[in-house]
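The next block holds one structure in the form of structure tokens; read it before the comments.
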Amino acid sequence: MPLSLWICCSFALLCTALRAQAPQNAALAGGAAPVAPIAATNPFSSEADIQQGSALFQAHCAVCHGATGEGGRGADLTAGLYRRGGRDPELYASIRFGIPGTDMAPVRVTDDAVWKLVAFVKRLGSQGLREKAPGDPIAGRQVFQTMSCVVCHSVAKEGGTLGPDLTDVGRRRGLKFLAESLAKPEADIPIAYRAVEVVLKSGATVSGIRLNRDDLSIQLRDPGDNFRSFLMANVKEIRYDKPALMPSYAALDPKDFTDVIAYLNSLKGAP
Ligand code: HEC
Ligand code: HEC
């Protein structure tokens, strides 16, 4: 065949081959364009699906989002507020395709499993909404003030900052979690509140909540709410996973305990 015809033919073949690959490449690149349209409502949201979603979450997501979704390297998934959208198809897209330009990569599981993860993520964001606490929230508010919970916790911008803000804790956390936070604070420490103990070469020991650590320095907030920074050159040892900074309230009067839980459960946040 003449050379010009040969070039033409090869070019056409090459074009066909490239076009056949194009959609696949777009999907591989994790682009926002899904191959099939995403269902408007989650087809997998039964209680059994949520349980399976929970197991999938522990296996694929907890490393970044924390065992109870409290966040860490990944976003906090307990607040029920999503920067990338909280409707079923939006959550599906965040999980199926990942979030380009961030640590959040596409998850390698089946489409059905992604829907089960969506169901579980929604459950994480509304733990307390379906529950009604038995105690008296008004009396519990009093306990909260007198037991000096406010020294470490803020509600509606009032109070300390050593512990998590509790303004919407009644939505984020179920009753079981709340009771455990009070009785056994060390059981479930959110990643962001890991206590740390820094032993300096001078012999001094400073404990607090780890804020940041890089090759050169470590920063923490001490129990007096002071920001402290230490050069690694002066640090002898860093001990993680010290017991929780929050004292246990297991010995609290049982009525006070039930009431303060009812108060926490009543805190559903601003929106
Ligand atoms: C390597 C760490 C990492 C893993 C593993 C990971 N994520 Fe993420 N995820 C992130 C980060 C970081 C963000 C925040 C991205 C941003 O918006 O900047 C995020 C965001 C999200 C969002 C969007 C939150 C919002 O505000 O819109 C959802 C939903 C989510 N992740 C669910 C999951 C689920 C479910 C899994 C497991 C299949 C998972 N992630 C695995 C790091 C991770
Ligand atoms: C010395 C400071 C301190 C005091 C006092 C304190 N807390 Fe805490 N609290 C923390 C810290 C730090 C955390 C996060 C780490 C952990 O779970 O131990 C926390 C966690 C919690 C959580 C879980 C919040 C979440 O979003 O997961 C609840 C609920 C809570 N505290 C309630 C209380 C109540 C109620 C009191 C008073 C009876 C109280 N705290 C007193 C420091 C404190």
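In listed order, ligands and their atoms are each counted from 1. Keep in mind that the numbers below use all heavy atoms, side chains included, and drop hydrogens, waters and symmetry copies. We're numbering straight along the sequence, starting at 1.
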For residues Val150 and Met147, determine if any side-chain heavy atom of one lies less than 4.5 Å from a side-chain heavy atom of the other. no
If I apply the N/O under 3.5 Å rule, does His65 come out as touching ligand 1? yes
Flag Ser181 as yes if one of its N/O/S atoms falls below 2.8 Å of atom 8 (Fe) of ligand 2, otherwise no. no
Less than 6.0 angstrom from the centroid, inside 45 degrees of the normal: does Arg123 satisfy that with respect to the ring of Phe120? no
On the 0 to 90° scale, with breaks at 30° and 60°, tag the Tyr263-Phe144 ring pair as parallel, tilted or perpendicular. tilted
Can a non-hydrogen atom of Val151 be found less than 4.0 Å from any atom of ligand 2? no
Give a yes or no on whether Ser94 keeps an N, O or S atom under 2.8 Å from atom 8 (Fe) of ligand 1. no
A side-chain contact here means heavy atoms from C-beta on lying under 4.5 Å apart; do Thr205 and Glu197 qualify? yes
If I apply the N/O under 3.5 Å rule, does Arg83 come out as touching ligand 1? yes
Are any of the heavy atoms in Phe177 under 4.0 Å away from ligand 2? yes
Side-chain heavy-atom pair Val196, Leu220 within 4.5 angstrom cut-off: yes
Any idea which protein heavy atom is nearest atom 23 (C) of ligand 1, and the distance to it? Ile99 CD1, 3.9 Å
Can you tell me if, anywhere in His153, an N/O/S atom lies at a distance from atom 8 (Fe) of ligand 2 that is smaller than 2.8 Å? yes
Subset of ligand 1 atoms that lie under 4.0 Å from at least one heavy atom of Gly74: 10 (C), 11 (C), 12 (C), 42 (C)
Please output the side-chain donor-acceptor pairs of residues 253-261 that fall under 3.5 Å, not counting sequence neighbours, one pair per line with the distance.
| residue | atom | partner | partner atom | Å |
| --- | --- | --- | --- | --- |
| Asp253 | OD2 | Lys255 | N | 3.2 |
| Asp253 | OD2 | Asp256 | N | 3.1 |
| Lys255 | NZ | Asp259 | OD2 | 2.4 |
| Thr258 | OG1 | Pro254 | O | 2.8 |
| Asp259 | OD1 | Asp136 | N | 2.8 |

Checking Ser154 against Asp165: is there a side-chain donor and acceptor pair closer than 3.5 Å? yes
Sub-3.5 Å N/O-N/O distance, Arg173 and ligand 2: yes
For atom 8 (Fe) of ligand 1, does an N/O/S atom of Cys61 lie at less than 2.8 Å? no
To which of Gly125, Cys64, Pro106, Gly86 does the heavy atom nearest atom 3 (C) of ligand 1 belong? Cys64
Looking at ligand 1, does any of its N/O atoms fall within less than 3.5 Å of an N/O of Arg84? yes
For the residue pair Thr78 and Asp76, confirm or rule out a side-chain donor-acceptor distance under 3.5 Å. yes
